[in-house]
Amino acid sequence: MRIRRVEHSRTPATRRRPGKSLAMLGAAAALTLAGALVEAPAASASSSLCNPGCSAAADFKSLGEKLVVHDYDSDGKGAIAYLYNNYQSYICKNTKGYDAPPVTCDYEFKEGSPVSYQVCNLVDGVAVNCSGWLDDKA
């Protein structure tokens, strides 16, 4: 019994050429490697949190590393936010009151570095009614 080989008809555009697929694979690998060597821009992220009752709130904007502290209650209390980055602590206070615009504190952190922050009411210089900690990236 003789096995007959059937050749599929292919157009010149779809005909396989030995070695061409290896060359294409090599080119794709080179492009991938080149892309890995180029540093991508840091992603920007923003987050917000408020204390229980939301009488104080804070927004962290990773683009520009800004912390914005809001006082949302006309109770005479201020608002304070605590921020940690690379084992350093920072404080941003809003003592202007409910009718004033929020306070923005501007920082310089390494892009992509971890940031943790919380917000509290500020009563007679003491932080009370604090939120939990929120983790983000600069």
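Of the inter-residue distances, the one linking Leu63 atom CG with Ser46 atom OG reads 7.5 Å to the nearest 0.5 angstrom. Between atom CG of residue Asp136 and atom OG of residue Ser48 there is a gap of 9.5 Å, rounded to the nearest 0.5 Å. Summarising the geometry, atom OH belonging to Tyr84 is positioned 5.0 Å from atom OG belonging to Ser89; distances are rounded to the nearest 0.5 Å. Taking NZ of Lys66 as the reference point, atom CG of Asp59 lies at 13.0 Å (rounded to 0.5 Å).
The two residues Gly112 and Lys137 come nearest to each other via the heavy atoms O-CD, 3.8 Å. Between Lys96 and Pro101, the shortest heavy-atom contact is CD-O, 4.3 Å. For the residue pair Tyr72 and Ala57, the shortest heavy atom distance occurs at CE1-CB, 3.5 Å. Nearest approach of Asp135 to Ser116, heavy atoms of both residues: OD1-OG, 2.6 Å. Ala138 and Lys110 make their closest contact through CB-O, 3.6 Å (heavy atoms, listed as atom of the first residue, atom of the second, distance). Between Asn85 and Ser113, the closest heavy-atom pair is ND2-OG, 2.9 Å.
Under the side-chain hydrogen bond (donor to acceptor under 3.5 Å, both in side chains) criterion, Asn51 pairs with Ser55, Asn121, not counting sequence neighbours. Partners of Lys93 by salt bridge (Lys or Arg N to Asp or Glu O under 4.0 Å), not counting sequence neighbours: none found. In this structure, Asp124 has no salt bridge (Lys or Arg N to Asp or Glu O under 4.0 Å) partners at least two apart in sequence or on a different chain. Residues passing the salt bridge (Lys or Arg N to Asp or Glu O under 4.0 Å) test with Asp75 are Lys77, sequence neighbours excluded. Residues passing the side chain to side chain contact (heavy atoms under 4.5 Å, CB included) test with Tyr98, sequence neighbours excluded: Ser74.
In this structure, Tyr107 is a member of the same hydrophobic cluster as Val115, with clusters built from ILVMFWY side-chain heavy atoms closer than 4.5 Å. In this structure, Leu67 is not a member of the same hydrophobic cluster as Val103, with clusters built from ILVMFWY side-chain heavy atoms closer than 4.5 Å. Criterion: ILVMFWY side-chain heavy atoms under 4.5 Å apart, direct or through other members. Under it, Leu49 and Leu83 are part of a common hydrophobic cluster. Taking hydrophobic clusters as Ile, Leu, Val, Met, Phe, Trp and Tyr residues chained together by side-chain heavy-atom distances below 4.5 Å, Leu134 does not share a cluster with Ile80.
Using modelled atom types, one finds no donor on one side chain facing an acceptor on the other under 3.5 Å when comparing Ser131 with Tyr117.
With hydrogens and angles disregarded, a donor-acceptor distance shorter than 3.5 Å links the side chain of Asn94 to the backbone of Val69. Remark: the backbone N or O of Gln88 is not paired with any side-chain donor or acceptor of Asn86 at under 3.5 angstrom. Checking side-chain atoms of Asn129 against main-chain N and O of Pro52 turns up a donor-acceptor pair under 3.5 Å.
Between Glu65 and Glu111 there is a side-chain heavy-atom pair separated by less than 4.5 Å.
Aromatic rings of Tyr82 and Trp133 (six-membered ring for Trp) have centroids beyond the 6.0 Å cut-off, not under it. The aromatic ring centroids of Phe109 and Tyr90 lie less than 6.0 Å from each other.
Applying the disulfide bond (SG atoms under 2.5 Å apart) definition to pairs two or more places apart or across chains, those involving residues 68-115 are Cys92-Cys105.
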